[in-house]
Structure formats: structure tokens, C-alpha cells
Number of protein chains: 2
Amino acid sequence: MMERRSLPGQFKGARPLGVDFDQLRHAITAADYGSFRQAAEVLSTKQSTLSRSIQLLECSLGTSIFDRSSGGVRATPAGRYFLRIARSIIEQLCDT
Amino acid sequence: MMERRSLPGQFKGARPLGVDFDQLRHAITAADYGSFRQAAEVLSTKQSTLSRSIQLLECSLGTSIFDRSSGGVRATPAGRYFLRIARSIIEQLCDT
DNA sequence: GTTACTTACGATAACCGTAAGAATC
DNA sequence: GATTCTTACGGTTATCGTAAGTAAC
């Protein structure tokens with residue numbers, strides 16, 4: 001399975017301001033399903049929205065979280081580290 | 001020192017969609033300084049922005065976080081509970 | 001008067017969905 | 001062909017700053 005891109009185009013549009021909880025939820029669900037398309041469906045949003053959301057997140061973090069392939073996505077090592085933290089944060093938020 | 005409102009007007013504008021990290025930072029800083037004005041200054045934003053931000057946060061949570069007075073603000077009991085979680089979340093995010 | 005928080009309004013900027021693009025199989 | 005993720009465009013929506021409002025002192 002060959003990778004298509006390492007860093008998705010450095011993001012051409014407006015610069016993001018900060019990480020938000022939706023981005024965390026998007027990344028977590030994408031990791032769980034190994035697919036942006038399925039994650040978008042589960043979260044009742046659009047594939048394009050989720051793709052952009054994660055792209056902005058990666059831009060904010062300065063590292064890529066997923067490796068993309070035509071079969072879906074897989075977390076990078078840095079991504080797996082980040083996802084652990086993200087899950088913990090979302091869990092705390094939900095207990096509020 | 002008399003309180004002015006218990007719940008700030010239930011928020012008249014658009015309903016918020018979710019909590020975000022800026023709201024957490026705003027609340028934490030406001031609690032640290034006991035003042036929206038000082039917190040806004042420290043965070044390089046406007047008092048009105050911070051006031052609205054926290055108002056939306058309280059609306060999302062369904063409870064008030066601060067008691068307002070003409071001398072500044074003070075966390076409610078529910079606010080203190082929430083702030084503990086918020087600090088923990090921000091701390092984790094910053095270690096990323 | 002001063003100082004604190006809030007609210008209304010308007011301009012700017014971000015967001016999201018549609019639809020087309022690109023890459024892999 | 002099919003599937004995946006990405007990108008451009010446009011309309012809607014949210015955000016933020018200025019300035020005025022309200023309350024307490």
C-alpha cells in the first residue's frame with residue numbers, strides 16, 4: 001500500500017487560529033474507522049468538511065496525523081501519540 | 001458586595017454549537033484575575049469578546065460559571081468544578 | 001464622576017455543502 | 001470502471017471590534 005502524500009499541501013486557504021474539540025472528535029473517529037468517509041458519515045458531516053478539519057488540525061500541530069491511501073487512512077506515530085491525548089481530553093469534557 | 005445577575009440573560013443571539021478551547025482559556029484567565037477586563041487584556045482580546053465567550057460557555061454548560069459584581073467576577077461552586085477540568089484539559093493540550 | 005460587565009450593530013472572516021479533481025486499485 | 005481523499009467556489013453563518021448601555025460605587 002503506497003502513500004499518496006506525506007503532508008497534504010500545507011493548506012492553501014485561511015490560517016487556522018487554534019485547535020477545537022470538533023477537530024479532536026473528527027480525528028478520533030477517523031482513526032477508529034480508518035476512513036474519513038465513514039467517520040464523516042458517523043458524525044453526520046461531509047467528507048470534505050472532515051478532510052479540511054483534519055488538515056487544519058495537522059497544520060496547527062505542524063505534523064501529519066494520518067497517512068492517506070486509496071484504501072483509507074492510518075495514524076502516523078505522531079498521530080497515535082496525539083490521539084491518546086485527544087481521547088483523554090474528550091473523555092474529560094464529556095464527564096462535565 | 002451584591003450580585004447583579006445569577007444567569008446572564010440566557011443569551012439572546014444564536015445558540016452555541018459546542019465548547020471550544022478559547023472559551024476554556026478565557027474562563028481560566030478570568031478566574032485567575034477575578035476580572036473579565038484584565039483577562040481580556042492579558043489574552044490580547046476585547047472585553048466584549050471575552051464576556052460573550054464566557055456567556056456562550058455558560059449557555060453550553062447550562063450553568064453559570066461566574067458571579068458578576070461591579071468589583072469583578074468570582075467563580076461559582078459549579079464554576080470551580082468546571083475550571084478544574086478546564087485547566088487539566090488545557091494542560092494536556094499544551095503538552096502536545 | 002469612575003469602573004465594572006453587557007449588548008447592538010456592522011464588517012470581516014470562517015465555515016460548510018456541492019461538485020469537480022486527482023490518485024489508487 | 002470503482003473507491004478514496006482533496007480542492008475550488010459560493011452562500012450562509014459565526015466572530016470580533018466599536019461604541020453605546022446598565023449597574024454599582
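The figures that follow rest on heavy atoms only: side chains count, while hydrogens, waters and symmetry mates do not. Predicted, not measured: the structure shown is a model, and the values here were computed from it. Chain identifiers are assigned alphabetically (A, B, ...) following the order of the sequence lines, protein sequences preceding nucleic acid strands; residue numbering begins at 1 within each chain.
With C:dT7, D:dC5, C:dT18 as the candidates, the nucleotide lying closest to the side chain of A:Lys46 is C:dT18. Of the candidate nucleotides D:dT6, C:dC5, C:dG17, C:dG17 has the atom nearest to the side chain of A:Thr45. Listed nucleotides: C:dT6, D:dC5, C:dT24. Nearest to the side chain of B:Ser51: C:dT6. Nearest to the side chain of B:Ser48, among D:dC5, D:dT7, D:dA19, sits D:dA19.
Counting to the nearest Å, the P atom of D:dT15 and the CD1 atom of B:Ile54 are 15 Å from each other. As a whole-Å value, the separation of B:Phe66 CZ from C:dT6 C1' is 15 Å. Taking atom CG on A:Asp20 and atom C1' on C:dA14, their separation rounds to 11 Å, with Å as the unit. The separation between B:Phe36 atom CZ and C:dT6 atom C1' is 10 Å, rounded to whole Å. Atom CG in A:Asp22 sits roughly 13 Å away from atom P in D:dA14 (whole-Å rounding). Atom P of nucleotide D:dC5 and atom NE2 of A:His26 are separated by 14 Å, given to the nearest angstrom. Taking atom CD of B:Gln47 as the reference point, atom P of D:dG21 lies 17 Å away to the nearest angstrom. At whole-Å resolution of the value, CD in B:Gln55 and C1' in D:dT15 are 14 Å apart.
Between A:Tyr33 and A:Val73, the closest side-chain pair of non-hydrogen atoms is not below 4.5 Å. Using a 4.5 Å heavy-atom cutoff, the side chains of B:Phe82 and B:Thr63 are not in contact. Looking only at side-chain heavy atoms (C-beta outward), A:Glu58 and A:Ile54 come within less than 4.5 Å of each other. At least one side-chain heavy atom of A:Asp20 sits less than 4.5 Å from a side-chain heavy atom of A:Gln23.
Heavy atoms from other residues, nucleotides or ligands lying under 6.0 Å from CD of A:Glu41 number 12 at most. Within a 6.0 Å sphere centred on CD of B:Gln92, heavy atoms belonging to other residues, nucleotides or ligands number more than 12.
Within the 4.0 Å cut-off from OP1 or OP2 of D:dC5, at least one side-chain nitrogen or oxygen of A:Ser35 is found. A sub-4.0 Å separation between OP1 or OP2 of D:dC5 and a side-chain N or O of A:Arg37 is absent. Taking 4.0 angstrom as the limit, B:Ser70 places none of its side-chain polar atoms (N or O) nearer than this to OP1 or OP2 of C:dT3. Of the side-chain N and O atoms in A:Ser69, none sit less than 4.0 angstrom from OP1 or OP2 of C:dT24.
Interatomic distance, CZ of A:Arg25 versus OG of A:Ser53, reported as 10.5 Å (0.5 Å rounding).
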Nucleotides 9-12 of chain C: which of its N/O atoms have a protein N/O under 3.5 Å away?
none

